[in-house]
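Inspection log for the structure reproduced underneath, given as structure tokens.
These numbers come from the heavy atoms of this one structure, side chains and all, not from hydrogens, waters or symmetry mates.
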Number of protein chains: 2
Amino acid sequence: MSHFAHHSEENYLKTLFSLSARDIKKVNNIALAQALKLNPATVLEMVRKLASKNLVEVKKDKTISLTEKGRKRALLTIRKHRLWEVFLVDKLRYKWNEVHELAEQLEHIESKDLIDRLEAFLDYPAFDPHGDPIPDKSGKLKISSTIPLSSGEKGKRYKVMSLAETNDAFLTYLEKLHIKPGMKLKVEDLHSYDQSCSLFVHIDGDP
Amino acid sequence: MSHFAHHSEENYLKTLFSLSARDIKKVNNIALAQALKLNPATVLEMVRKLASKNLVEVKKDKTISLTEKGRKRALLTIRKHRLWEVFLVDKLRYKWNEVHELAEQLEHIESKDLIDRLEAFLDYPAFDPHGDPIPDKSGKLKISSTIPLSSGEKGKRYKVMSLAETNDAFLTYLEKLHIKPGMKLKVEDLHSYDQSCSLFVHIDGDP
DNA sequence: GTAAAAAATTTGGTGTACCAAATAAATAAA
DNA sequence: TTTATTTATTTGGTACACCAAATTTTTTAC
């Protein structure tokens, strides 16, 4: 069965994409291994394989980055992931914080047009349930201007667009606070007593 | 990733189920290997693994059959397969003869309740687009009384319930003749000049 | 510049699921 | 029954995607 041939590759590309989006600093083997929760030896050989397929490139300083081809593949996988998430939430009535694992499986279904049909069925959503934009069928992504809440200004109001973390504990925590994408928050206070930055938020109505 | 751990197992069980349903004769290693399009050596070792897990049993005459546990697992996989087929046809507007390959992938998605939600979303369909019954969530299958068209009586009318063959060429052929499950056919003539049995059919309206 | 720490790489493994080809055992045909 | 044929099984492989532990290389600190 060659149906499932590219699961791993796609995971590597997707992870590389989101690492390069999130972090300013360069991604090395260790960082990628940590993000994927895999052994550095494993990651090393896979990166070589991806490099030989022209999907990633390794610079002289050992920094790993996507090629244009790799970036496109990553975005097409992300497209599948996000459209399936919309399906799970809008049609199967999952909560937005429950769908990540399932979408992780569904994104690997291989078909030329399944995902385009799904997109049409879902009425061409622009964002997934976490507020992240959905790439179009050619792998292009509209960038919306978002800032981390921690760099917001005290007293100002912001609309939650998307979430930097997608781990289950965090999503469940937000669920408990009734915070979800699209919601408006007012920054009450900002205080960074360590590297991280905590803040109080006030939940508004729906003005 | 252990997400995909049981793909092969499920394929073996499903194939064993449909072989035992179709054929009266006992299923041996060669027959199973042919049905799965795999090498007999491969099948042999997998059958041993399945036997050690109490999913199949091998009798003294080398006949391979499902245990009750294996049968249930097979039916739950078939349930997934058929519900996904309904989704693809009813919601994504695929033709009923195009969905087999995709459902083959989708059936392996692992989740306790995804498929139950899908079933609810689809409004608890009793049959898949090929006319085959959909097992319930406990793996039970309602048997409907069907006969092969070749053992029908000349001049009588029959409703197409399901298809014995699911290969693409055959499905495409039926598609060309506009024959699909639910349709009523009248047997014009029966003549078996070889082992197989050919017949002329007359396509009725929708009375 | 050298020692310590960190990162990269090599080496030798694992489990799953597959294969071809050789051999053994069972069945059928003469 | 003895041979021929078909099945079953064993043996020795492959590819993929992973790992731990040892080693080498690079970076950083002193």
Side-chain angles (χ1 to χ4, degrees), chain A residues 1-16 19-20 23-53 55-65 70 73-74 77 104-105 107-110, chain B residues 1-16 19-20 23 25-65 70 73-74 77 104-105 107-110:
Chain A
M1 309 267 124
S2 68
H3 284 148
F4 308 106
H6 301 300
H7 282 196
S8 289
E9 284 187 12
E10 288 180 344
N11 283 335
Y12 280 77
L13 298 177
K14 228 179 34 154
T15 301
L16 272 170
L19 280 181
S20 67
D23 296 318
I24 307 98
K25 60 171 184 177
K26 304 301 179 184
V27 178
N28 60 16
N29 194 40
I30 295 268
L32 184 53
Q34 280 175 345
L36 286 161
K37 288 174 186 149
L38 294 175
N39 189 293
T42 303
V43 172
L44 186 66
E45 70 175 18
M46 187 57 135
V47 164
R48 281 173 179 158
K49 184 180 154 194
L50 293 172
S52 79
K53 290 187 175 189
L55 292 163
V56 307
E57 60 179 339
V58 182
K59 290 178 205 95
K60 337 88 213 145
D61 69 338
K62 308 302 170 86
T63 288
I64 303 159
S65 59
R73 279 272 296 273
T77 304
E104 205 72 19
Q105 291 186 60
E107 75 190 7
H108 297 299
I109 300 294
E110 272 177 35
Chain B
M1 305 272 122
S2 68
H3 284 148
F4 308 107
H6 302 301
H7 282 196
S8 289
E9 284 187 13
E10 288 180 345
N11 283 334
Y12 279 77
L13 299 177
K14 227 178 36 152
T15 300
L16 271 172
L19 279 181
S20 67
D23 297 318
K25 60 169 183 178
K26 303 302 179 185
V27 178
N28 61 14
N29 194 39
I30 295 267
L32 184 53
Q34 279 174 346
L36 286 161
K37 288 174 185 149
L38 292 175
N39 188 294
T42 303
V43 172
L44 187 67
E45 71 175 17
M46 187 55 136
V47 164
R48 281 174 180 160
K49 185 179 152 195
L50 293 172
S52 81
K53 290 187 174 188
N54 238 304
L55 293 163
V56 306
E57 60 179 339
V58 182
K59 291 178 204 93
K60 337 88 211 144
D61 68 340
K62 307 304 170 82
T63 288
I64 303 158
S65 59
R73 278 273 296 274
T77 303
E104 205 72 19
Q105 291 185 60
E107 75 189 8
H108 297 299
I109 300 294
E110 272 178 34

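Both Glu45(A) and Thr63(A) lie close to DNA chain C; mapped to their nearest nucleotides by heavy-atom distance, the more 5′-ward contact belongs to Thr63(A).
Here Glu10(B) pairs with His108(B) under the side chain to side chain donor-acceptor pair (under 3.5 Å) rule; sequence neighbours left out. For Lys60(B), the side chain to side chain donor-acceptor pair (under 3.5 Å) test picks out no residue, with sequence neighbours left out. In terms of the salt bridge (Lys or Arg N to Asp or Glu O under 4.0 Å) criterion, Lys62(A) has no residue partners (sequence neighbours excluded). In this view, Lys53(B) and Glu9(B) satisfy the side chain to side chain donor-acceptor pair (under 3.5 Å) rule, not counting sequence neighbours.
One interatomic measurement links the two molecules: CD of Glu9(B) to C1' of dG15(C), which rounds to 13 Å at whole-angstrom precision. Between the CE atom of Met46(A) and the C1' atom of dC16(D) there is a distance of 8 Å, rounded to whole Å. Atom CG of Asn28(B) and atom P of dA25(C) are 19 Å apart (whole Å). In this structure, the CG atom of Asn29(A) is 19 Å from the P atom of dT24(D), given to the nearest Å. For the pair Leu44(B) CG and dT11(D) C1', the interatomic distance rounds to 13 Å; values are reported in whole Å. As rounded to whole Å, 10 Å separates atom P of dA17(D) from atom NE2 of His7(A). Remark: P of dT7(D) and CG of Leu32(B) are 14 Å apart, rounded to the nearest angstrom. At whole-Å resolution of the value, NZ in Lys59(A) and P in dT26(D) are 18 Å apart.
Each end of the helix from dG1(C)-dC30(D) to dA30(C)-dT1(D) gets its own axis, taken as the rotation carrying the C1' atoms of four end pairs onto the next four within a five-pair window, and the two axes meet at 10° to the nearest 10 degrees.
In this structure, the nucleotide among dC18(D), dA8(C), dA20(D) sitting nearest to the side chain of Ala41(A) is dA20(D). Nearest to the side chain of Leu38(A), among dC18(D), dT9(C), dT9(D), sits dC18(D).
Side-chain N/O atoms of Arg48(B) include none lying less than 4.0 angstrom from OP1 or OP2 on dA8(D). Applying the 4.0 Å criterion to OP1 and OP2 of dA20(C), one finds that Asn39(B) has a side-chain N or O inside that range. OP1 or OP2 of dC18(D) has at least one side-chain nitrogen or oxygen of Tyr12(A) nearer than 4.0 Å. For dA17(C), neither phosphate oxygen OP1 nor OP2 lies less than 4.0 angstrom from any side-chain nitrogen or oxygen of Thr42(B). One finds no side-chain N or O of Lys62(B) lying less than 4.0 angstrom from the OP1 or OP2 phosphate oxygen of dA25(C). At dC16(D), none of the side-chain N or O atoms of Ser8(A) fall inside 4.0 Å of OP1 or OP2 (strictly under the cut-off).
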Please list every donor-acceptor pair under 3.5 Å in which a side-chain atom of residues 31-48 of chain A meets a protein atom from a residue at least two apart or in another chain.
residue: Asn39(A); atom: OD1; partner: Ala41(A); partner atom: N; Å: 2.8

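Nucleic acid contact for Ile30(B): sugar-phosphate only, since backbone atoms but no base atoms lie under 4.0 Å from a heavy atom of the residue. Nucleic acid contact class of Lys37(A) (heavy atoms, under 4.0 Å, all strands): sugar-phosphate only.
Within 6.0 Å of the NZ atom in Lys25(A), the count of heavy atoms belonging to other residues, nucleotides or ligands does not exceed 12.
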**OP:** Check the pair Leu13(A) / Val56(A) against side chain to side chain contact (heavy atoms under 4.5 Å, CB included), numbers first and verdict last.
**Re:** CA-CA 8 Å; Leu13(A) 298 177; Val56(A) 307; 4.0 Å; yes

Original post:
Checking side chain to side chain contact (heavy atoms under 4.5 Å, CB included) for the pair Ile109(B)/Ile109(A): CA distance, chi angles, key distance, verdict?
Top reply: CA-CA 9 Å; Ile109(B) 300 294; Ile109(A) 300 294; 4.1 Å; yes

